[in-house]
Structures are given as structure tokens and as C-alpha cells.
Number of protein chains: 2
Amino acid sequence: MLIGELARQTGCDAETIRYYEREGLLSAPQRSSSGYRRYNAEQLGELNFILHCRSLGMSLADIRNLAAFKADHRHDCEDINLLIDQQIGKVHRQIESLRLLEQQLLALRDKCHDTHSAADCGILQTLVEAAEGEPCVCHTPFGQDNHGHSHDHDHAAKKNGRTQKGRP
Amino acid sequence: MLIGELARQTGCDAETIRYYEREGLLSAPQRSSSGYRRYNAEQLGELNFILHCRSLGMSLADIRNLAAFKADHRHDCEDINLLIDQQIGKVHRQIESLRLLEQQLLALRDKCHDTHSAADCGILQTLVEAAEGEPCVCHTPFGQDNHGHSHDHDHAAKKNGRTQKGRP
DNA sequence: ACAAACCTTGTAGTCACTACAGGGTCAAGC
DNA sequence: GCTTGACCCTGTAGTGACTACAAGGTTTGT
Ligand SMILES: [Zn+2]
Ligand SMILES: [Zn+2]
Ligand SMILES: [Zn+2]
Ligand SMILES: [Zn+2]
């Protein structure tokens with residue numbers, strides 16, 4: 001089976017297959033005399049394993065680890081559980097943060113109902129006011145502490161453990 | 001105000017501020033005689049606007065557009081509404097797909113309860129079976145049509161409108 | 001005079017691909 | 001035997017939104 005056929009059977013682009021090989025996720029296949037990659041059922045399984053894990057949102061690094069655990073049969077499965085648990089946690093946090101985001105976007109959308117001049121648009125006004133320091137759900141300039149929650153990429157005063165003496 | 005002070009006031013890294021300037025999101029500030037960037041309240045507002053939009057999950061391209069709408073006061077706000085609606089749609093679809101993902105991960109996690117050899121781990125077994133063609137929620141090799149749903153990065157037979165005659 | 005803290009530019013790295021460019025190979029048809 | 005076209009190869013560069021240097025210049029305090 002050549003790379004195009006493997007691509008067709010898995011639904012994975014041929015360039016992506018080569019990329020996985022380069023990244024060491026897929027074992028290097030045999031080559032024909034002219035240098036064409038020739039795949040067999042084993043590699044088909046390997047690739048499907050990768051694709052399935054990717055569809056579960058795992059990073060290539062995670063998949064590499066998982067494949068190593070799979071290869072080493074004496075290894076216990078604690079690390080596997082940890083990896084899946086971390087993945088679940090990651091996905092869960094993403095969902096939480098996106099839900100908050102959706103709320104904020106819906107609230108913002110609610111500021112404008114029908115078409116009119118951009119200058120009077122409630123959406124734009126809300127956005128500009130937020131930028132100018134009016135209180136908003138996500139946004140706290142000048143290092144005032146914000147009221148409780150903060151989503152994923154909260155943009156005020158997060159990690160500045162610096163001197164902060166302030167030169168004008 | 002120098003770049004470090006702006007960084008401190010906004011919680012945005014100085015290198016990111018320079019990046020936004022390079023990308024044309026932030027207007028180029030005045031320079032001191034020695035070439036240092038000097039910012040004023042206007043640019044503080046500009047940056048906060050960007051950061052606030054970013055925290056709403058907008059791309060830099062979207063923010064550039066939004067800033068252009070803001071600048072052109074004769075423009076009507078239809079495009080603004082469209083942009084926000086698209087953003088809401090994007091976020092909503094992401095949530096849906098992540099929820100499905102979470103279900104799948106929880107189901108997978110349920111296959112293993114206590115530590116044992118990786119060779120016997122239900123998680124790994126489930127993953128390998130999925131790769132070998134056993135039915136699974138996301139995964140359909142060999143172009144069989146899958147049973148109804150598919151999440152974001154479904155990996156089987158999506159966009160191969162190609163010749164598909166198959167050379168072994 | 002010197003160090004610390006700041007600033008500058010430019011380049012390269014991240015992740016998981018994607019898109020060429022510039023070639024080589026193979027089977028079928030004429 | 002030659003052309004056509006589908007397929008394959010390598011290598012490089014681009015995406016988005018940063019992040020992390022390297023190598024140097026400036027300002028401020030002691
Ligand atoms: Zn409006
Ligand atoms: Zn904000
Ligand atoms: Zn287990
Ligand atoms: Zn699958």
C-alpha cells in the first residue's frame with residue numbers, strides 16, 4: 001500500500017502521514033526500489049491509533065507517550081490513567097471558560113438589535129468603554145482586583161512578579 | 001510612559017505589545033531621542049481594546065476589522081453584528097464539540113479503575129481496538145459511514161473528492 | 001566607574017499541520 | 001518510443017499568536 005492509499009483508507013492527508021513519520025509517531029515504512037513508502041496493516045493500525053487519539057484532543061507528545069506505554073508491556077497503567085485524567089481536566093476547563101465566553105458574547109450582542117451607524121452601536125460602545133476602564137466581567141486595568149471570576153485569557157495583571165517601581 | 005510601564009498597567013507582555021505594533025493593531029507610538037517607545041492614554045485605550053477583544057476569543061484579524069469599523073464612523077454596524085454573531089457561533093460549536101469529547105474521554109476513563117499492568121489496561125485496549133476497526137463513537141476506518149454524529153476533528157473520509165482508483 | 005534595570009532590533013522557536021517548488025516514477029494509451 | 005497524467009519524493013516556508021533569546025544601546029543610582 002502506497003501513501004496515497006493509506007491516506008484514502010484513513011482519511012488522513014498524505015503530507016500529514018509524512019509529518020507523523022518525521023515526528024517519530026509513525027514507524028518508518030519499508031521503501032520500494034524507487035523510494036516509495038510501502039505500508040502494511042500494522043502501520044494502518046498505528047496511524048488509526050494516532051488519529052483516534054488526536055480526535056480525543058491529545059497532543060502529539062501525549063500520543064508519543066501513550067504509544068511508549070503501549071510498547072512497554074511491563075509498565076503499569078498509572079501513567080495512562082494520569083494522562084487521560086489530565087486530558088479530561090484540560091477539556092473540562094476549556095468548556096468552562098468557553099461557556100463564560102459565550103455568556104459574555106451574548107451579553108455583548110444584546111447591546112445592538114438593528115442596523116444603524118457604527119458610531120452609535122452599543123456593541124462598539126461597550127467594547128470601547130471596557131477598554132477605557134469601565135467595569136466589565138473580564139477586564140480590570142490598573143491592577144485593581146477584579147470581582148471573583150476570570151476566564152482563560154484574562155488580560156489584567158497576571159504574572160508580573162517584577163520590580164514595578166514605575167519610571168515615567 | 002515606556003513600554004514596560006504600559007505592560008505593567010495592562011498585564012500584557014512588552015514583547016506582545018511590540019508584536020501588536022508590528023501586526024498593525026496598535027498604532028506606532030512616538031519615540032524618545034534614544035528610540036524608546038513613549039505611550040500615552042490613547043494607546044493605553046487601544047491596547048486595552050485589543051486585550052479585551054482577545055479575551056472574548058477574537059482573532060487578531062477580527063480585531064483589526066473591528067478597529068477599522070470603529071475608526072470609520074459613517075460605516076453602519078451590520079458588519080459588527082455579523083462579526084460578533086460569527087464569534088458566538090464559533091464558540092458555541094467549540095463547546096458542543098468539547099462536550100462530546102468530554103463524554104468520550106469519561107467513557108474511556110471508565111475502562112480502568114485501579115492500577116495494574118499496562119498490557120491489561122482497559123483504556124489502552126479500547127484505544128487499540130478503536131484503531132483496529134472496532135466500532136467507536138468517532139472513528140470509522142475504510143470509509144464505512146459512521147452512525148450519525150461526528151465531532152470537530154473526525155478523522156475518517158472527510159474531504160477526499162479524488163480519483164480513488166487505488167494502485168497497490 | 002560600574003551595575004542593574006530598562007530599552008532596541010532581529011531572529012528563531014512553539015504546535016500541528018498545510019502548501020508549495022522542483023523534481024522523480026509508473027502505467028496506460030497512441 | 002513517447003507523452004500524458006497520476007502518483008511519489010525531499011525540502012522549505014507559511015499559518016496564528018505569541019514567546020524566548022541574542023547582542024547590543026540607554027538611563028539611573030551608588
Ligand atoms: Zn449596532
Ligand atoms: Zn476586558
Ligand atoms: Zn488501567
Ligand atoms: Zn476514532
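Computation of the quantities below employed the complete heavy-atom set of this structure, encompassing side-chain atoms and omitting hydrogens, waters and symmetry-equivalent molecules. Residue numbers begin at 1 in each chain, while the letters A, B, ... track the order of the sequences.
At least one donor-acceptor pair closer than 3.5 Å links the side chain of Asn40(A) to the backbone N or O of Gln43(A). The backbone N or O of Val91(A) sits nowhere less than 3.5 Å from a side-chain atom of Glu102(B) that would complete a donor-acceptor pair. In this structure, the side chain of Arg54(A) does not engage the main chain of Gly57(A) through any donor-acceptor pair within 3.5 Å.
Each of Arg37(A) and Thr16(B) has a nearest nucleotide on DNA chain D; the 5'-most of these lies closest to Arg37(A). In this structure, Ala61(A) and Arg31(B) both approach DNA chain C, and ranking their closest nucleotides by distance from the 5' end singles out Arg31(B). Map Ser32(A) and Tyr39(B) each onto its nearest nucleotide of DNA chain C; the residue landing nearer the 5' end is Tyr39(B).
Taking atom OH on Tyr36(A) and atom P on dT25(C), their separation rounds to 7 Å, with Å as the unit. Between the C1' atom of dT25(C) and the CD1 atom of Ile3(A) lies a distance of 15 Å, rounded to the nearest Å. When rounded to the nearest whole Å, the span between CG of Leu47(B) and P of dA17(D) equals 16 Å. The nearest whole Å value for the distance from the CE atom in Met1(B) to the C1' atom in dC7(C) is 16 Å. Look at CZ on Arg38(B): it is 14 Å from C1' on dT8(C), rounded to the nearest Å. The CD-C1' distance, from Glu15(B) to dA22(D), rounds to 11 Å in whole Å.
Remark: Ser34(B) is in phosphate contact with dT27(D), judged by side-chain N or O atoms under 4.0 Å from OP1 or OP2.
Judged by distance alone with a 3.5 Å cut-off, no donor-acceptor contact links the side chain of Glu5(B) to the base of dC7(C).
Within 6.0 Å of CZ on Arg31(B) lie more than 12 heavy atoms contributed by other residues, nucleotides or ligands. Summarising the local packing, NZ of Lys70(A) is surrounded by more than 12 heavy atoms from other residues, nucleotides or ligands at distances under 6.0 Å.
Donor-acceptor pairing under 3.5 Å is recorded for the side chains of Gln9(B) and Glu5(B).
The side chain of Asp13(B) lies closest to dT19(D), out of dT19(D), dC7(C), dT25(C). Candidate nucleotides dA17(D), dA16(C), dC7(D) were compared by shortest atom distance to the side chain of Arg54(A), and dA16(C) ranks first.
We find that Glu96(B) and Arg93(B) are not joined by a salt bridge, their nearest charged nitrogen and carboxylate oxygen being 4.0 Å or further apart.
Within residues 18-27 of chain A, the residues that have a heavy atom under 4.0 Å from DNA chain D are, in order of number, Arg18(A).
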